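See structure below.
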Amino acid sequence: MLDKRYYLSKMSIFDALTPDDLIELDHISPMTHFNAIPKGNIIQKPDNARDGLYFIKEGKVRLYKTTSEGKQFTVVILGKGNVFGEIDTFSFGTKGFYIETMDETLLCSVSKQDFENFLAERPLLAMKMLAELSKILKDKDEMLEKLALGDVRERIVHLLLKLSERFGIEEEGKVRIDLPMTHQDVANMVGATREAVSIILKSLAKDNVIQTGRKTISISQVKAAEILELTYS
């Protein structure tokens, strides 16, 4: 059986908690899903957002919206140790979004009232929640800005750079994004067609900005940052 306390203790947001705090949180934190949620499952739609907080123990999820033409665009990707959801004290801005698993994902949840009571007695945890909220909102704002102002190439470069910063593994001068992605996956994240994405990825590979393999993408963070700086300088 999976030990929730073990997973909770490995989340940086809970560094401020004592072992007794973790035991109490474990007691008020019912498991949302005991078995892993498979990749590609939509766990929230815009019209059925639930109150409470959800902690990602393993896996990754993406928050996305759809256009009137049915195109998807991703505004933030969250991984192991991240939090999403809504309570009165903290809103992680997840209402109005689809939330989809990007690989097998394990979640646990805390009800709104239980966590409000738990948080009221732990100001250090409240500060950590604010920091986590700030990071998520910053990522969302940056992505929404690129979607509004940037062309498809800029959106792709920005997305891959952010993914490499959050989920990257350094390999041979580039950073491999630890997330299997097809060209269609990238297209869904930036609100573009697969054909347009394929052409741009091929061009970026030719310029040695990225290197692609079977469902893998590695990126030169320096060259990607230079592209974005030139675009907005």
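Every heavy atom of this structure was used, including side-chain atoms; hydrogens, water molecules and symmetry mates were not. This one's a predicted model, so the numbers in the text were calculated from it and none came from an experiment.
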Drop me the distance from [X]'s [atom1] to [Y]'s [atom2], to the nearest 0.5 angstrom.
X: Ile77; Y: Arg166; atom1: CD1; atom2: CZ; value: 8.5 Å
X: Tyr64; Y: Ile99; atom1: OH; atom2: CD1; value: 10.5 Å
X: Ile217; Y: Lys174; atom1: CD1; atom2: NZ; value: 12.5 Å
X: Tyr98; Y: Ile43; atom1: OH; atom2: CD1; value: 14.0 Å
X: Ile219; Y: Lys223; atom1: CD1; atom2: NZ; value: 11.0 Å
X: Ile37; Y: Ile42; atom1: CD1; atom2: CD1; value: 12.5 Å

[Y] backbone acceptor or donor facing [X] side chain under 3.5 Å:
X: Thr67; Y: Glu69; answer: yes
X: Thr101; Y: Val61; answer: no
X: Asp207; Y: Val209; answer: no

Mind checking whether [X] and [Y] have side chains closer than 4.5 Å, heavy atoms only?
X: Thr216; Y: Ile177; value: no
X: Thr105; Y: Ile56; value: yes
X: Met181; Y: Met189; value: yes
X: Phe97; Y: Thr66; value: no
X: Leu228; Y: Val157; value: yes
X: Arg176; Y: Asp178; value: yes
X: Arg155; Y: Val152; value: yes
X: Leu179; Y: Met102; value: yes

Short side-chain donor-acceptor distance under 3.5 Å, [Y] and [X]:
X: Asn188; Y: Gln184; result: yes
X: Lys95; Y: Asn48; result: no
X: Gln221; Y: Ser164; result: yes

Passes side chain to side chain contact (heavy atoms under 4.5 Å, CB included), Thr212 versus Lys202? Steps please.
CA-CA 9 Å; Thr212 60; Lys202 188 177 292 185; over 6 Å; no
Lys60 with Asp103: basic N within carboxylate O range, under 4.0 Å
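Looking at Lys60 and Asp103, the cut-off is met.
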Hey, are Glu165 and Lys162 close enough for a salt bridge, meaning a charged N less than 4.0 Å from a carboxylate O?
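Judged by the 4.0 Å cut-off on N to carboxylate O distance, Glu165 and Lys162 do form a salt bridge.
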Minimum heavy-atom separation for [X] and [Y], please, with both atom names.
X: Lys57; Y: Lys80; answer: O-CG, 3.2 Å
X: Thr182; Y: Lys215; answer: CG2-CE, 3.8 Å
X: Ala224; Y: Leu161; answer: CB-CD1, 4.2 Å
X: Ser198; Y: His183; answer: OG-ND1, 2.7 Å
X: Lys71; Y: Gly191; answer: CD-O, 3.6 Å
X: Val197; Y: Ala192; answer: CG2-CB, 4.1 Å

Decide whether a cation-pi geometry holds between Lys65 and Phe73; the criteria are a distance under 6.0 Å from NZ or CZ to the six-membered ring centre and an angle within 45° of the ring axis.
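No, a cation-pi geometry is absent between Lys65 and Phe73.
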State whether the number of non-hydrogen atoms from other residues, nucleotides or ligands found under 6.0 Å of Lys39 atom NZ is greater than 12.
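Yes.
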Check this for me: Glu171, atom CD, are more than 12 non-hydrogen atoms of other residues, nucleotides or ligands nearer than 6.0 Å?
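Yes.
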